[in-house]
Amino acid sequence: MRRKLAAGNWKMNGTGASLAEIETLMKSHPAPGVDVLICPPATLIGRAAALAEGHVLAIGGQDCHAEASGAHTGDISAAMLKDAGATHVILGHSERRADHDESDGDVRAKCRAALAEGLVAVVCVGETLDEREAANTLDIIGGQLAGSLPDIASAHDLVIAYEPIWAIGTGKVPTTAQIGEVHDFIRTKLEQRYGAGVGRSVRILYGGSVKGSNAAEIFAVSNVDGALVGGASLTAGDFSPIVSALEEA
Ligand code: PEP
């Protein structure tokens with residue numbers, strides 16, 4: 001049985017005032033029936049983690065460096081995220097792959113570093129619109145999984161997020177059949193890679209323009225174990241209905 005996960009990615013949004021959204025979210029879901037994760041910008045992780053102490057809401061980072069420490073100005077290691085109170089880290093988000101030229105190999109190295117620190121790695125994969133229109137989606141996803149994931153993972157420390165790039169922040173959402181096809185494919189790949197036990201237990205999130213209005217339909221798709229949400233995670237008012245939809249799924 002996979003415990004469902006509603007994860008919010010605040011990206012480069014939020015200052016101290018935004019912590020009130022986390023407080024409101026926790027009040028709206030004092031004992032959520034699903035896992036809830038907020039990944040604020042790094043500047044807020046410590047304060048967010050302190051705020052969430054004693055609540056099941058988890059706090060995560062949006063990236064980490066593959067090395068533990070060193071001369072990498074502006075970067076943050078997995079150990080630093082953990083020290084600040086993060087329990088999870090998003091890795092290989094398409095915006096990082098594009099903006100920072102991150103390769104599958106980079107994502108894999110970061111993933112190994114995160115797991116070594118005991119963080120849960122939320123590894124993102126997804127195709128461009130051109131790749132989908134050329135009927136290459138599954139090849140692209142298969143390649144990203146093969147290159148980005150570590151050889152050893154457990155059901156608890158790895159989460160996959162399928163995020164079609166053309167659906168992120170655009171309001172466009174794949175059909176439920178398209179989501180189901182990719183999630184089933186990812187499940188098969190995980191079983192082949194890690195064996196049936198781990199492969200069946202790793203959670204697979206869908207991400208890309210998830211909102212309160214479309215969440216229930218997406219959560220009804222097979223092998224969708226929750227969502228990675230960008231824009232609609234920034235306020236408790238938008239994120240709470242998604243958490244509720246997942247609780248009811
Ligand atoms: C994301 O960036 O991970 C994302 C899914 O964004 P949005 O929900 O805004 O499409």
Side-chain angles (χ1 to χ4, degrees), residues 4-14 18 21-22 25 34-42 44-45 48 58-64 81 86 88-100 102 107 110-111 114 120-129 131-132 137 140-141 144-145 148 158-176 178-180 182-183 186 203-219 221 223-246 249:
K4 301 197 183 277
L5 171 62
N9 172 14
W10 282 12
K11 312 190 185 192
M12 198 174 71
N13 296 293
S18 317
E21 300 298 335
I22 294 179
L25 189 65
V34 298
D35 288 345
V36 182
L37 166 69
I38 294 289
C39 299
L44 292 180
I45 288 174
I59 301 298
Q62 299 174 12
D63 176 52
C64 71
L81 288 179
H88 295 62
V89 59
I90 298 170
L91 296 172
H93 190 282
S94 58
E95 287 155 14
R96 289 211 58 91
R97 289 178 187 261
D99 295 355
H100 300 270
E102 284 186 11
V107 177
K110 289 171 182 227
C111 195
V120 177
V122 181
V123 177
C124 303
V125 294
E127 82 285 3
T128 63
L129 189 56
E131 288 162 348
R132 176 159 284 278
T137 297
I140 294 295
I141 302 297
Q144 289 174 338
L145 292 172
S148 305
L158 183 64
V159 174
I160 309 297
Y162 167 53
E163 299 205 307
I165 294 167
W166 51 274
I168 293 178
T170 59
K172 290 182 193 156
V173 181
T175 64
T176 51
Q178 287 172 324
I179 295 173
V182 177
H183 279 240
I186 293 173
R203 291 171 291 181
I204 308 173
L205 310 183
Y206 167 76
S209 297
V210 176
K211 301 184 186 68
S213 55
N214 60 19
E217 192 188 5
I218 293 169
F219 294 152
V221 177
N223 279 312
V224 172
D225 303 312
L228 180 56
V229 182
S233 72
L234 292 175
T235 64
D238 285 337
F239 197 47
S240 178
I242 296 172
V243 174
S244 298
L246 192 58

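Remember, it's 1-based here, ligands and their atoms both numbered in the order they're listed. It should be emphasised that the depicted structure is a prediction, and the values quoted were computed from it without experimental measurement.
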For this session: Using side chain to side chain donor-acceptor pair (under 3.5 Å) as the criterion, list what pairs up with E102, not counting sequence neighbours.
Result: R96, K110
Exercise. Ignoring hydrogens and geometry, is there a side-chain-to-backbone donor-acceptor pair from E217 to N214 under 3.5 Å?
Worked result: no
Exercise. Using 30° and 60° as the class limits, which term best fits the ring planes of H183 and Y206: parallel, tilted or perpendicular?
Worked result: tilted
Problem set entry | S18 and E21: side chain donor to acceptor below 3.5 Å | no
Starting from the N and O atoms of ligand 1, collect every protein N/O partner closer than 3.5 Å and put each pair on its own line with the distance to 0.1 Å.
residue, atom, partner, partner atom, Å
ligand 1, 2 (O), K11, NZ, 2.5
ligand 1, 2 (O), H93, NE2, 2.8
ligand 1, 3 (O), H93, NE2, 3.0
ligand 1, 3 (O), E163, OE1, 3.1
ligand 1, 3 (O), E163, OE2, 2.7
ligand 1, 6 (O), G230, N, 3.4
ligand 1, 8 (O), G230, N, 2.8
ligand 1, 9 (O), G231, N, 2.9
ligand 1, 10 (O), G169, N, 2.6
ligand 1, 10 (O), S209, N, 2.8

Problem set entry | Under the side chain to side chain donor-acceptor pair (under 3.5 Å) test, residues paired with N223 that sit two or more places apart | R2, D184, R187
For this session: Under the salt bridge (Lys or Arg N to Asp or Glu O under 4.0 Å) rule, collect the residues that match up with E127, sequence neighbours excluded.
Result: R132
